[in-house]
S.K.: 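I'd like to ask you about the structure that follows.
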Number of protein chains: 2
Amino acid sequence: MVSSQLAANIKYFRKQYNWTQQKLADELKVSRSVIAKWENGDVLPDLTSIIKLSHVFKQSIDHLLGLNRYSNQFLNDFQQFYETKHDNGEVIDESLLSVVDYLIKNPPLKEQIVQLSQLTVKQQRAALRILKTTITETKRL
Amino acid sequence: MVSSQLAANIKYFRKQYNWTQQKLADELKVSRSVIAKWENGDVLPDLTSIIKLSHVFKQSIDHLLGLNRYSNQFLNDFQQFYETKHDNGEVIDESLLSVVDYLIKNPPLKEQIVQLSQLTVKQQRAALRILKTTITETKRL
DNA sequence: CTCAAACGTTCTTAATAAGAACATTTTACT
DNA sequence: AGTAAAATGTTCTTATTAAGAACGTTTGAG
C-alpha cells in the first residue's frame with residue numbers, strides 16, 4: 001500500500017526491455033521468485049534492490065515508485081539562480097519550475113526537446129500539434 | 001553502504017528544520033531511537049519511512065539518498081551557484097538550462113509538458129515514444 | 001557545576017523479505 | 001486443438017534486519 005504503482009512499474013519497465021523475470025533477477029542478483037512477488041505486490045523490494053532497479057531501468061526512484069513530487073529545495077535554488085541571470089525583470093512562472101523539475105527526472109524527454117529545438121520552426125509546429133493530439137487522446141482513454 | 005549519504009542527509013534536513021529527533025519521530029510516527037540509528041547509519045529506514053521522510057523534508061527520494069545521476073555536465077554558473085548552496089556536490093545536467101530557455105520561448109510546448117507530466121507513468125512512456133518517433137521521422141524528411 | 005534535554009547504544013522482539021521447491025499459466029510450434 | 005517448454009505465480013521455511021524499550025552518555029543553558 002506504500003506504493004501500488006511500484007509493482008506495476010517494475011513489470012512495465014521489465015517488459016519495455018523485453019526481459020524475463022529471470023533476466024531481471026540476474027541483473028539484480030536476486031532470485032527470480034522474488035521478482036514475481038515484487039510485481040504482484042506481495043513484497044516490497046528492499047532499498048538496495050530499489051536503487052538497483054532505478055539504475056537498470058534508468059528511472060528516478062520517485063518515478064519508479066510512482067511518486068511525482070518535486071524537490072522544493074531544488075526549485076527554490078533554481079528560481080533564485082534564474083532570477084539573478086534574468087534580473088531584467090523577466091518573470092518565471094510556477095509551471096516552468098515544475099516542468100524543469102519534471103525534465104530533470106526524465107532525461108529522455110529532455111533529450112527529445114533538445115532534438116525538437118533543432119528542427120525548423122515549421123517542423124516544430126507540426127511536431128507540437130502531434131504531441132498535443134497524442135496527449136489529448138491518451139487522456140480520453 | 002547502500003547510501004552513506006542518507007544518514008547524513010536525514011540529520012542535515014532535520015537540523016534545517018530545527019527539529020529534535022523526538023519531533024521528527026513524532027512526525028513519522030516511529031520511535032526516537034530509530035531516528036538516531038538512521039542518522040548514524042546503523043539501520044536503513046524501511047521504504048515507508050523513506051517516503052515519509054521525503055515528504056516531511058520536501059525532497060525527492062533520490063535527493064534524500066544522495067543519488068544524483070545527472071552528475072556530469074552542469075552549466076558552470078549554476079553549478080557554482082548550486083554548490084555554494086549545497087556543499088555536498090550534487091549536480092544537474094548541462095542541457096537543462098538551454099531547454100529551459102527554449103521552453104520560455106515556447107509556452108505551448110511547456111503547457112504540453114505539464115499535461116504530459118500528469119499522465120500515468122505508462123501513458124507518459126507511450127507518449128514519449130510517439131514524440132520520439134515523430135521527431136526522428138521529421139528529421140528524415 | 002549542575003541538571004535537564006538531546007542524543008547514542010544495547011538487547012530483545014517482531015516484521016518481513018529472500019530463496020527453494022512446487023504449481024500454474026502462457027507461448028511456440030505442429 | 002494438442003503438446004512441450006518457457007515463463008510466471010505460490011507456498012513454506014529460513015534468515016535478515018528494522019523497531020521499540022530501557023538504559024547510558026553527551027551537551028548546553030543557567
Side-chain angles (χ1 to χ4, degrees), chain A residues 1-67, chain B residues 1-57 59-67 87-88 120-122 125-126:
Chain A
M1 202 200 48
V2 157
S3 164
S4 55
Q5 285 262 46
L6 176 60
N9 284 345
I10 293 172
K11 187 169 206 162
Y12 174 73
F13 289 125
R14 176 172 65 79
K15 296 219 176 263
Q16 287 292 112
Y17 280 75
N18 266 10
W19 285 353
T20 65
Q21 291 182 345
Q22 187 62 60
K23 171 78 163 86
L24 178 57
D26 293 343
E27 289 288 327
L28 305 185
K29 302 206 199 316
V30 296
S31 71
R32 186 202 55 77
S33 63
V34 83
I35 303 278
K37 282 184 274 195
W38 293 348
E39 293 187 353
N40 288 296
D42 298 327
V43 150
L44 284 172
D46 72 348
L47 190 55
T48 307
S49 296
I50 287 179
I51 293 174
K52 286 184 186 168
L53 283 167
S54 91
H55 274 114
V56 300
F57 292 147
K58 298 182 173 52
Q59 301 294 320
S60 76
I61 294 175
D62 301 76
H63 200 227
L64 199 63
L65 296 179
L67 305 171
Chain B
M1 200 200 48
V2 156
S3 163
S4 55
Q5 284 266 44
L6 176 60
N9 284 344
I10 292 172
K11 187 168 205 162
Y12 173 75
F13 289 124
R14 177 172 64 80
K15 296 226 175 253
Q16 289 291 106
Y17 280 74
N18 267 7
W19 285 353
T20 65
Q21 290 182 346
Q22 187 61 59
K23 171 76 164 91
L24 178 57
D26 293 343
E27 288 289 326
L28 305 185
K29 303 205 201 314
V30 295
S31 70
R32 186 202 54 79
S33 62
V34 83
I35 304 277
K37 282 184 275 195
W38 293 348
E39 293 187 352
N40 288 295
D42 297 328
V43 150
L44 283 173
D46 72 347
L47 190 54
T48 306
S49 296
I50 286 178
I51 292 174
K52 285 184 186 168
L53 283 167
S54 91
H55 272 116
V56 300
F57 291 146
Q59 302 293 320
S60 75
I61 293 175
D62 300 77
H63 194 226
L64 199 63
L65 296 180
L67 302 173
D87 35 354
N88 46 10
T120 68
V121 172
K122 193 169 180 175
R125 296 276 300 191

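The chains referred to below are lettered A, B, ... by the order of the sequence lines, with proteins before strands, and numbering in each begins at 1.
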S.K.: Of the options D/dA22, D/dA19, D/dA18, whose atoms approach the side-chain atoms of B/W38 most closely?
M.R.: D/dA19

S.K.: Within the structure shown, what part of the strands sits under 4.0 Å from A/K23 by heavy-atom distance: base, sugar-phosphate, or nothing?
M.R.: nothing

S.K.: Whole-Å distance between D/dT8 P and A/K11 NZ?
M.R.: 8 Å

S.K.: For A/Q22 and D/dA7, give me the distance from atom CD to atom P, rounded to whole Å.
M.R.: 9 Å

S.K.: Using the heavy-atom set of chain A and a strict 4.0 Å cut-off, write down the first and last nucleotide of DNA chain C that makes it in, 5' to 3'.
M.R.: C/dA17 to C/dA21

S.K.: Name every donor-acceptor pair, under 3.5 Å, that has one atom in a side chain of residues 38-45 of chain B and the other anywhere in the protein, sequence neighbours excluded.
M.R.:
residue, atom, partner, partner atom, Å
B/E39, OE1, B/R14, NH2, 3.0
B/E39, OE1, B/Q21, NE2, 3.2
B/E39, OE2, B/R14, NE, 2.5
B/E39, OE2, B/R14, NH2, 3.4
B/N40, ND2, B/A36, O, 2.7

S.K.: Return the value, rounded to whole Å, for the distance between atom NZ of B/K29 and atom P of D/dA19.
M.R.: 16 Å

S.K.: Over how many whole Å does the gap from B/N40 atom CG to D/dA18 atom C1' extend?
M.R.: 15 Å

S.K.: Can you measure from NZ (B/K52) to NE2 (B/H55) and round to the nearest 0.5 angstrom?
M.R.: 11.0 Å

S.K.: Scan B/T20 against the nucleic acid and name what it touches under 4.0 Å (heavy atoms): base, sugar-phosphate only, or nothing.
M.R.: sugar-phosphate

S.K.: Can you measure B/L24 atom CG to D/dA19 atom P for me and round it to whole angstrom units?
M.R.: 12 Å

S.K.: Which atom pair, heavy atoms only, marks the closest approach of B/L64 to B/N9?
M.R.: O-ND2, 2.9 Å

S.K.: With a cut-off of less than 4.0 Å, is there a side-chain N or O of A/Q21 near OP1 or OP2 of D/dA6?
M.R.: no

S.K.: If the condition is ring pair (Phe, Tyr, Trp, His ring centres under 6.0 Å), which residues does A/F13 pass it with, not counting sequence neighbours?
M.R.: A/F57

S.K.: Nearest-Å distance, CG (B/L44) to P (D/dT17)?
M.R.: 9 Å

S.K.: Atom CG of B/N18 to atom P of D/dG28: distance rounded to whole Å?
M.R.: 14 Å

S.K.: What is the distance from atom CD1 of B/I51 to atom CD1 of B/I61, rounded to the nearest 0.5 Å?
M.R.: 5.0 Å

S.K.: Is there a side chain to side chain contact (heavy atoms under 4.5 Å, CB included) between A/I35 and A/L28? Walk through the geometry before answering.
M.R.: CA-CA 10 Å; A/I35 303 278; A/L28 305 185; 4.3 Å; yes

